[in-house]
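What follows is one structure encoded as structure tokens, with my remarks underneath.
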Amino acid sequence: MRRRTLLKSVLYLASVGLALHLILPQLPGIERSLVLISDSSVPLIAAAFFAILASQLCYAELLGRSTAAAAGIVPASKRRRMGLGRWFMLRLTLAEHGAARMLPGGGSSAAAVTYTGLRTRGLRPVRIGLAVATISLLVYGTLGAIFLGSLLYLTLDNALGRATTTAALVVFVLTLGLVLLGYFAYLRPLAAKRLMAGFFYALGRTFRRRSWSRKR
């Protein structure tokens, strides 16, 4: 097994080196970027690297805790026994973010990679779907809050034109309405279910009046 592991490691490193040798020269502006990096401040580059590393570690921890909560795994020791430790979550996070940047679809590709990786740990699809939805809501919700806060600041500071200010206010009001609807659905799930059922029934009756029943 040691020889086999060593051979796999050598082949892996060789394939990575070949890929870098073939792909890097094809990236537009790569030489200019390398020149800029070499001329930059070493402490700033190191600080940026550790900031990105800390971000990946935080995301991996959030993903691990969300997955454990969705699967009903509370103790950290049980998470490690099931193969959901911090090292696995960090590797899955790096693979997920790499897929989001390299594959078409962005976040959808990343979610597919996360789902496939968690399936290898024997988790049920429903639990994985809940975990992926939770982490997506937390991440994109945070980004949305930062965006809306910035938009509101620019609007109050009169830094936008009249048309842009109007569009910004419309986006802000619509987003706030969606947040309030989501909170209402959290407080009153049955009422939200009836509301959505009535909406889709009316929508279905609009396009298929004869064959669309309320039960269907």
Side-chain angles (χ1 to χ4, degrees), residues 5-6 8-24 26-30 33-34 36-37 40 42-150 179 182:
T5 304
L6 180 60
K8 287 174 62 177
S9 301
V10 171
L11 291 176
Y12 174 74
L13 291 175
S15 62
V16 169
L18 181 62
L20 292 176
H21 177 72
L22 295 176
I23 294 176
L24 280 181
Q26 307 301 323
L27 297 178
I30 187 65
S33 300
L34 292 176
L36 291 175
I37 292 175
S40 300
V42 175
L44 288 179
I45 294 177
F49 172 78
F50 284 110
I52 294 175
L53 179 61
S55 172
Q56 300 295 319
L57 289 172
C58 290
Y59 186 92
E61 184 67 20
L62 188 61
L63 177 60
R65 290 180 179 270
S66 300
T67 304
I73 307 170
V74 179
S77 57
K78 188 176 181 180
R79 283 172 51 190
R80 289 192 296 268
R81 288 196 302 269
M82 293 188 62
L84 298 173
R86 288 188 173 91
W87 174 235
F88 171 75
M89 287 299 169
L90 178 59
R91 289 183 292 151
L92 184 59
T93 297
L94 294 176
E96 173 188 345
H97 288 185
R101 285 157 177 77
M102 296 298 295
L103 299 178
S108 302
S109 301
V113 171
T114 304
Y115 176 85
T116 305
L118 293 177
R119 280 290 288 163
T120 62
R121 293 305 187 255
L123 298 178
R124 293 168 53 192
V126 175
R127 300 297 184 183
I128 298 176
L130 179 60
V132 173
T134 301
I135 190 71
S136 300
L137 180 63
L138 290 173
V139 171
Y140 290 106
T142 303
L143 294 176
I146 295 173
F147 169 74
L148 290 178
S150 304
V179 171

Interatomic spacing from [atom1] in [X] to [atom2] in [Y] - rounded to 0.5 Å:
X	Y	atom1	atom2	value
L57	T93	CG	OG1	8.5 Å
L92	R121	CG	CZ	9.0 Å
L90	L63	CG	CG	10.5 Å
R119	T116	CZ	OG1	9.5 Å
Y59	L94	OH	CG	11.5 Å

Any donor-acceptor pair under 3.5 Å linking the side-chain atoms of T114 with those of E96? yes
Give a yes or no on whether the backbone of L138 and the side-chain of T142 come within a donor-acceptor separation of less than 3.5 Å. yes
State whether the side chain of R124 and the backbone N or O of I128 hold a donor-acceptor pair below 3.5 Å, judged by distance alone. no
Heavy-atom side-chain contact between [X] and [Y] under 4.5 Å:
X	Y	answer
V126	L130	no
I45	F49	no
L118	M89	yes

Grab the two heavy atoms, one from [X] and one from [Y], that are nearest each other, plus how far apart they are.
X	Y	result
F88	G117	CZ-O, 3.6 Å
A99	S109	O-CB, 4.1 Å
S66	T134	OG-CG2, 4.2 Å

Would you find more than 12 non-hydrogen atoms of other residues, nucleotides or ligands less than 6.0 Å from R86 atom CZ? no
